[in-house]
Amino acid sequence: MRNLLFLGLIAGGGLALGINILPPRHVKARTSYDPVAYQEKDFLETVHRADNSFREMWTTENVRPALPADDLTIARRLSLGLTGTVPSLEEIRQFESIPVGEQLPWWIDHLLQDKRFAAYFGERLARAFVGTEDGPAIFFRRRRFVTWLGEEITKNRPYDQIVRQVIATEGLWTDKPATNFISVTAQQEKENQPNPVRLAGRVTRAFLGLRLDCAQCHNHPFAKWKQKDFESFAAFFGQTRVGFRGIADSPGQYEVEDPKTQEKRVVEPGVAFSPELLPTEGTLREKIAGWVTHPKNPYFAKAAVNRVWAIMCGQPLLTPIDNLESDSFQPPALQILADDFSAHGYDLRRLIRVIARMQVYQLDSRCDHDAGDAAEKTWGLFPLTRLRPEQMAGSVLQASSISTLDAERHIIFRAFRALDENNFVKRYGDSGDDEFDGRGGTIPQRLVMMNGELVGEKLKEGPVNAVTRIKMLAPDDPKAVEAAYLTALTRRPTPEEAAHFEKRLKESDHSRGEHLQDLFWTLINSTEFSWNH
């Protein structure tokens with residue numbers, strides 16, 4: 001039985017190493033590439049305008065930007081940003097088979113059509129919408145909410161429609177997954193009813209990039225928001241209830257209690273700015289959903305662009321991500337991209353394509369000169385960011401296989417992968433809701449990588465892992481070393497690295513498989529592996 005399995009791996013694995021012909025899946029992926037989307041006049045104009053805004057900053061700040069990164073480096077950062085994992089060797093062979101000049105557009109579309117993109121982006125948006133905690137057990141289904149978000153992204157549902165559903169949908173959290181945004185705030189101490197204060201804070205931070213909730217107890221000391229602004233915003237959720245039929249709105253008034261006198265007073269719903277954008281019909285939640293997502297709301301599109309940019313680059317254009325009113329300098333590109341996002345129906349895929357085609361996104365993370373702090377502030381180089389825990393888990397799993405661990409695989413494989421990832425993330429440490437806190441690595445994280453079960457188990461010789469397949473399929477040591485580097489680091493070894501490891505493979509007292517294990521362990525535990533660059 002094992003011999004038959006090995007023969008099957010040779011038949012499929014040799015193709016993935018690019019020995020003769022391409023995998024059948026490549027033809028399908030290539031024909032789905034749409035070059036027209038990247039050649040449309042208004043698409044190119046938006047890319048050029050955004051690029052020029054950065055070039056003007058560089059001129060003003062006397063910044064000499066980094067050189068363009070090589071295509072494989074850009075492919076790696078796109079894969080990490082859109083699917084949460086490094087590319088497989090199979091995908092790298094497909095990527096390099098595309099004509100030069102078409103590789104990156106093809107790769108972007110390849111990722112956007114992959115189910116891993118929808119699943120990963122759904123999880124990243126869910127962190128902003130409902131956080132990372134499990135919430136009230138009876139009234140909240142986080143996994144159901146994430147799955148629904150992924151399904152909406154797969155359909156390329158406009159972002160404003162997704163947000164309106166999240167804010168205003170009625171029904172059971174099992175049948176109407178969007179209502180989990182409301183039900184996650186259910187409070188046991190208040191008969192399991194949704195919390196208007198938490199909802200108001202989550203809506204303004206996640207969808208508008210405003211910290212209106214900082215005025216919850218008193219007037220904001222640094223911004224224009226007043227306590228009455230936040231109370232009036234929370235009043236839009238004052239009629240929201242949990243009942244036998246799930247989330248619904250019922251008649252009633254929203255009351256707040258004075259913390260000093262304990263007296264209650266009625267608060268009417270209202271918005272802190274642009275009241276003319278507020279719809280006149282619908283439930284209170286439908287009205288505030290329409291106001292939040294209105295094309296003329298000055299914050300909605302910018303908040304979405306800032307978050308998508310942060311997911312793709314590891315850092316937002318404007319920091320902190322939930323405070324567009326901060327004193328931080330706002331790059332003009334933020335408004336340019338927001339205007340394009342709004343003008344094209346809040347199309348997430350178009351926004352991703354625009355960002356990925358920008359010069360800033362394709363710069364190297366290193367300079368051949370002393371760039372200084374100004375280069376980092378003006379995006380004169382691509383930011384170095386540590387991989388998130390789920391990116392590390394996904395990348396370790398993918399680097400242990402030369403075939404793509406995609407969402408189409410058998411449910412048993414997906415179940416084992418989910419179990420491996422969850423255990424790893426728990427041990428490695430999750431940053432929680434604050435995704436872009438900029439925290440560095442820790443000693444326990446390094447120990448998990450060096451001694452943890454996930455890395456150790458995945459690198460052992462087995463019938464389907466990368467070590468075994470490269471040992472069997474690589475015709476010589478140079479090809480084996482090259483395949484290992486591409487699989488783990490998405491690049492080829494330097495001449496010095498190649499000479500070192502080829503010599504080790506040739507002179508080692510261990511078996512070739514054992515030494516390939518050591519090589520993979522070294523690459524996966526390298527600093528380069530754990531950073532997006």
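Everything quoted here is computed from the prediction, not taken from an experiment.
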Should the pair F43 and Y38 be assigned to parallel (<30°), tilted (30 to 60°) or perpendicular (>60°) ring geometry? perpendicular

Donor on one side chain, acceptor on other, H344 and D42, under 3.5 Å: yes

Return yes if a side-chain donor-acceptor contact under 3.5 Å exists between T85 and Q398, otherwise no. no

Steps toward side-chain contact (heavy atoms from CB on, under 4.5 Å) verdict (W309, M358): CA-CA 11 Å; W309 183 286; M358 288 175 59; 3.9 Å; yes

Using modelled atom types only, decide if a donor and an acceptor are shared between the side chain of T204 and the backbone of G201 within a distance under 3.5 Å. yes

Just by modelled atom types, is the S79 backbone N or O under 3.5 Å from a matching donor or acceptor in the T83 side chain? yes

Heavy-atom closest contact (E231 atom, R265 atom, distance): OE2-NH2, 3.0 Å

Can you pull the ring pair (Phe, Tyr, Trp, His ring centres under 6.0 Å) pairs that have at least one residue in residues 166-187, sequence neighbours excluded? F139-W173, F181-F207

Determine, stepwise, if the pair W379 / L381 fulfils side-chain contact (heavy atoms from CB on, under 4.5 Å). CA-CA 5 Å; W379 294 81; L381 42 74; over 6 Å; no

Check: Q359 main-chain N/O paired with D51 side-chain donor or acceptor under 3.5 Å: yes

Does the side chain of Q165 pick up a donor-acceptor pair with the side chain of E152 at under 3.5 Å? yes

Any side-chain donor near an acceptor of the partner, T46 and D340, under 3.5 Å: yes

Answer yes or no: is there a donor N or O on one side and an acceptor on the other, between the side chain of R77 and the main chain of H533, under 3.5 Å? yes

Between the side chains of E91 and R116, is the shortest nitrogen-to-carboxylate-oxygen separation below 4.0 Å, so that they form an ion pair? yes

Donor-acceptor contact below 3.5 Å, side chain N180 vs main chain R141: yes

Which residues satisfy the side chain to side chain contact (heavy atoms under 4.5 Å, CB included) test with L348, sequence neighbours excluded? Y159, V308, F341

Taking the basic N atoms (NZ, or NE/NH1/NH2) and the acidic carboxylate oxygens, is any pair closer than 4.0 Å for E123 and R143? yes

On a heavy-atom basis, the closest approach of A356 and I108 is CB-CD1, 3.5 Å

So, are K377 and D373 salt-bridged, with charged N and O less than 4.0 Å apart? no

Which of these, N532, L82, L351, sits in a side-chain contact (heavy atoms from CB on, under 4.5 Å) with M312? L82

For A128 against R202, the heavy-atom pair lying closest together: O-CD, 3.3 Å

Are F329 and T378 side-chain neighbours, meaning at least one heavy-atom pair lies under 4.5 Å? no

Donor-acceptor contact below 3.5 Å, side chain R285 vs main chain G282: no

Just checking E276: does its CD atom have more than 12 heavy atoms from other residues, nucleotides or ligands closer to it than 6.0 angstrom? yes

Judged by modelled atom types alone, do D249 and Q239 share a side-chain donor-acceptor pair under 3.5 Å? no

Which pair of heavy atoms, one from S395 and one from V86, lies closest together, and at what distance? OG-N, 3.3 Å

Return yes when atom CZ of R144 has more than 12 non-hydrogen atoms of other residues, nucleotides or ligands closer than 6.0 Å, and no otherwise. yes

Would you say CG of N52 has more than 12 non-hydrogen atoms from neighbouring residues, nucleotides or ligands within 6.0 angstrom? yes

d(Q193 CD, R241 CZ) to nearest 0.5 Å is 6.0 Å

Check this for me, if you would: do R349 and D347 make a salt bridge, where the nitrogen-to-carboxylate-oxygen distance has to be below 4.0 angstrom? no

Any chance the side chains of R127 and T132 put a donor and an acceptor closer than 3.5 Å? no

Return the CZ to CG distance between R353 and D109, rounded to the nearest 0.5 Å. 4.5 Å

One pair to check against side-chain contact (heavy atoms from CB on, under 4.5 Å): R157 and I153. What are the steps and the verdict? CA-CA 6 Å; R157 184 82 66 196; I153 292 171; over 6 Å; no

When you compare the side chains of R357 and Y361, does any donor N or O come within less than 3.5 Å of an acceptor on the partner? no

Report the C-alpha distance between Q315 and T385 in whole Å, list the side-chain angles of each, state the deciding distance to 0.1 Å, and finish with yes or no for side-chain contact (heavy atoms from CB on, under 4.5 Å). CA-CA 8 Å; Q315 293 180 11; T385 54; 3.7 Å; yes

Checking ring pair (Phe, Tyr, Trp, His ring centres under 6.0 Å) for the pair Y346/F300: CA distance, chi angles, key distance, verdict? CA-CA 10 Å; Y346 302 99; F300 178 66; 5.4 Å; yes

Sorted by chain and residue number, the ring pair (Phe, Tyr, Trp, His ring centres under 6.0 Å) partners of W107 (sequence neighbours excluded) come out as F95, H110

So, the side chain of D322 versus the backbone of A206: is there a donor-acceptor pair under 3.5 Å, distance only? no

Euclidean distance, L199 CG relative to I167 CD1, rounded to 0.5 Å: 9.5 Å

In this structure, OG of S53 is separated from NE2 of H48 (nearest 0.5 Å) by 13.0 Å

Might you confirm whether atom CD1 of I138 has over 12 heavy atoms from other residues, nucleotides or ligands at distances under 6.0 Å? no

E325-Y299 side chain donor-acceptor pair, cut-off 3.5 Å: yes

Taking all atoms of both residues into account, what is the closest heavy-atom pair of Q391 and L80, and its distance? NE2-O, 3.1 Å

Note: V197 and F230 closest approach over all heavy atoms is O-CZ, 3.5 Å

Measure from the side-chain N and O atoms of S232 to the backbone N and O of D229, and report whether any donor-acceptor pair falls under 3.5 Å. no

Is it true that a side-chain atom of S274 and a backbone atom of L277 form a donor plus acceptor pair closer than 3.5 Å? no

Determine whether a donor-acceptor pair (N or O, by modelled atom type, separation under 3.5 Å) exists between the side chain of R124 and the backbone of G81. no

